[in-house]
Amino acid sequence: MNSTRDKVKERRHSNCVNGTCKEISAGRSMEGKVLVLYTGGTIGMIRNENQALVPFPNVFVKKLRLYPHMHDREYAEETYGPMGPLVLPVSENNSRRVVYSVIEYSPLCDSSNMTMDDWIRIAKDIKQSYEYFDGFIVLHGTDTLSYTASALSYMLEALGKIVIVTGSQVPIFEARSDGMDNFLTSLIIAANYSIPEVCVFFNKKLMRGNRTIKTAASSFEAFDSPNFPPLAKAEINIEVNYRLIFRPCNIEKFNVHSSLNRNVGLLRLFPGITSDLIKAFFQSPIEGVVLQTYGAGNVPANRKDIMDEFRAATERGVIIVNVTQCNSGTVSSLYEPAKLLEDAGVIMGFDLTPEAALTKLAYVLSKKDWSIEMKKDSIQINLRGELSNGKVSTIQDLDLVEAVASSLRISSAKELQELGSILFPAMLNAAVLRRDVKKLESLKRCGADISQQNADGRTALHIACREGDLKIVQSLLKMGASVHIQDRFGRTPLTEAIENDHHEIIKILLQCGAHLHEYACLIGEKMCVAAATGSVRRLKSFQIAGADLSVTNLIGMTPLHFAAIYDKLSVAIFLLENGANASITDKTNCTPFDLAVMTKSNRVLEHLRAYE
Ligand code: ASP
């Protein structure tokens, strides 16, 4: 079987017809690209001759192509040809066309059979295709979906794009199914919204993945996020609560941590539990245990025997995390028994769900260069929004928009949100232009989403990258600004930095995971123009951003061909010194040397002789 990367490459190439990239046709920057990893589960199952639900390989995509609301065949075939990706029809909610590709896992898996290896595979597949897509969907069985979502949230470090895990209670191809809405809405959200988190979408709610639990076996409302509000609700409109979005605030590139510690377990206390059972449970090689205690973190205070077992385990270096058996709420040291646990070396997991706690242990314990103290500390630190450790945010008190709203006598939540989306981008942009870091910070504290887009889809980071102030760019990145947002013209902050030749800014954007997003032939066109006009600085900008100096434009010419035609010696020297290939022939079979001869570009000709 081909690797994911090969498939993605194939898919990208299939977008180029007769050497002409159709991406440059009008409006194509308004496409959002989503990769769907179809791992199995009820969502894709079909009834066999005995009416039992089973996954059938190689059927899912074929069937999707037949559903007009999942695939706009006319547009897709005209744009990409018959074997191209799937495309959603345009709808009111998706301002961008959703173009999606599906990778089907083999074998398709009932999620109750999943292991940590499957989580690692999903994480690696996302990494391989990360630069080619705006968002990712994992189609998954519901039974262990929350474990997968929680594990992915930790493994996908410094995530800058959205990952949605979804599935359904009834197969998508059955007449009355929740699968169609779960999948369709996930696609629209993944292509259109900047939410750099691993989420779960189910029954109209987008939830933070590591906050979810499966709460119902036979209801469409199968998942809940008991300790944290939904990130978005998909009713007639999709309403995102941007204040809740957890954005990585480090200058750090997306990375997949692809190992997990398997010596972890879940132990639920029950009245009369024996110390023998606990002793057996904590035997080597166990390294981490999630202990589900009663209520707010209680254990029987009269059971010295079990406390001794906990203490013995923690003294051997086992990390024990205390979480509640209740569906919602947090453990605390309110009652005496919870204090006993702390004395025995058990650490509080606050309001972590059991799934989030177990997968966090597996992640933290696999960090080879962390000391045991660092591992324990990170269990209690909020790594991906998975826990609330008691500090109450004071955002509400400072809410600027609410103050303006009250003077305008606005009260409905919807109007309030609209007001915020008008006021904040303007104020953020003004602060950027004034180079006012303090103002930016105070706007963030007042509830501004630092990545909020204005009417042209531009964010404060777009403006800062155009202006070229490194300090402001750094501040925005540390406040969690997304490097991936494309404005209405398909431009990212990196495009701004390149086209204004801000080299240091390009470097820092790359450190945060930014990458060139346009198709190679379009980048080729821009670099050929730079070469023709003698702009070494612009070529250097592209080089720093990771472009290939031997890239070709639509007619197969490289920047060196243009340097030859226009006799731009400094450009030719720069390109050749940096490894550009001088022997590429264009569509008329000419090398740069041939063109230099034809155009009598003597300076470049002389220089090229050495490379002939
Ligand atoms: N057993 C199935 C699974 O988890 C249930 C489902 O998909 O809802 O794969």
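Order of listing sets the numbers, starting from 1, for every ligand and every atom in it.
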TODO: Please determine, by modelled atom types, if Thr293 and Asn322 share a side-chain donor-acceptor pair under 3.5 angstrom.
DONE: yes
Task: Any donor-acceptor N or O pair under 3.5 Å, side chains Ser366, His257 - done: yes
Open item on the list: For the aromatic rings, using the six-membered ring if either is Trp, is the centroid distance between His484 and His515 under 6.0 Å?
Closed with: yes
- [ ] State yes or no: are the ring centers of Phe201 and Phe223 separated by less than 6.0 Å?
- [x] no
Open item on the list: What does the 4.0 Å heavy-atom contact list look like for ligand 1?
Closed with: Gly41, Thr42, Asp110, Ser111, Gly141, Thr142, Asp143, Ser168
Task: Test salt bridge (charged side-chain N to carboxylate O under 4.0 Å, His left out) applied to Glu309 - qualifying residues, sequence neighbours left out - done: none
TODO: Run the salt-bridge test on Lys253 and Glu131 with the 4.0 Å N-O cut-off and return the result as yes or no.
DONE: no
